[in-house]
Amino acid sequence: MAAAIEVRDLEKEYPQGTRALRGVSFEVERGELFGLVGPDGAGKTTLLRILAGLLTPSRGSVRVDGIDVVQDAAAVKERIGYMSQRFSLCETLTVLENLLYASEIWHLRPQQRRERIAQLLRFSRLAPFQNRLTRNLSGGMKQKLALSVALVHHPRILLLDEPTIGVDPLSRRDFWLILYELLREGSTIFLSTPYMDEAERCSRVAFLLDGRLIAVGSPAELRKSLPVVVLDLHCADARLARTRLSQLSRFAHLAPFGEHLHVTIPREGVDPKEWVEAAQAAGVGVRSWRVSEPSLEDVFLFLAANRAREQAGLPGAPSAPPTLG
Ligand code: ADP
């Protein structure tokens, strides 16, 4: 069976000249929860809109459920549930009316329609609010309604564009429970998110930066792929520590996390204790320290910094122990 999503050498250039996607290639297997992660402007919405058949690529090929999106967008639309950031809901209709409207668009027969809507209202826990006007719903409820609307026609592949943006933490958790339920039922979920904690929950993740994929893999693979581990320093004064360490070239990648400072150090061939001693010698008050695998955020920061160095014509971050700065 074909992969759920297959993207090859995808390029998108907007008429004004912005190159939103540059040579993007990846595959999503059936049943995966695949996360597209990147900062604002990275190209996430552009990619999702192309996958949904709403935007034409400039070059490259895109197949969803084995179908070429450019040649047969209509057939693709029947197979996917697409949830845009704007939630495509009619604010002046009630919850139930929005679902009825979607079921009419998909030409569900009356019997099917009743069953499916009842099922979705149960599933999204929106049944008690079915007669409420959409404009009076909370952000979390609107989000669940938008997902339900995207599911009316039983799609097996879901494309969700930053579905949890602007939603409170409890509703976010609720929404994720619904996504897990959909996965158990056999759906494939492709979602974009700017949140690393959400990326950690995905079976595989793709990092997008300036329209380029800079890494694809499971969270564990991405962590292991780095030639570095994280030295987690608990500092008396993290800001001062950062200033001091940034003056030493061996502490090239610094990321503050509250009172902690994460410093990437080579995975192989170095003694972390020696690095802590170097930090102490630089005037950093280290209260305690430990070595850990990088988080996905660390991985992203590392790869993004490497990319910036390359673009500036500097060598990438050292994978071997560097000399003391
Ligand atoms: P993301 O979803 O990651 O924030 P987008 O796909 O929205 O990124 O945008 C990627 C780049 O393409 C940005 O530089 C953005 O300004 C540009 N862009 C997005 N939509 C359009 C458009 N319709 N016309 C021109 N440029 C666009």
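Each ligand, and each atom within it, is numbered from 1 in the order the structure gives. No experiment lies behind these values; they were computed from the predicted model shown.
Ion pair Arg22/Glu11 not flagged as a salt bridge, since none of the NZ, NE, NH1 or NH2 atoms sits closer than 4.0 Å to an Asp/Glu carboxylate oxygen.
Cation-pi check for Arg172 over Tyr195 is met; the charged atom lies under 6.0 angstrom from the ring centroid and within 45 degrees of its normal.
Placement of Val286 and Val229 within a single hydrophobic cluster is found when ILVMFWY residues are connected by side-chain heavy-atom separations under 4.5 Å, directly or transitively.
The side chain to side chain contact (heavy atoms under 4.5 Å, CB included) test with Val276 singles out one residue from Val291, Ile265, Leu233, and that residue is Leu233.
Near ligand 1, residues Tyr14, Gln16, Thr18, Ala20, Pro39, Asp40, Gly41, Ala42, Gly43, Lys44, Thr45, Thr46 each place a heavy atom inside the 4.0 Å sphere around the ligand atoms.
Between Glu78 and His153, the side chains place no donor N or O within less than 3.5 Å of an acceptor N or O (distance only, hydrogens not considered). Side-chain polar atoms of Asp174 and Ser171 form no donor-acceptor pair below 3.5 angstrom.
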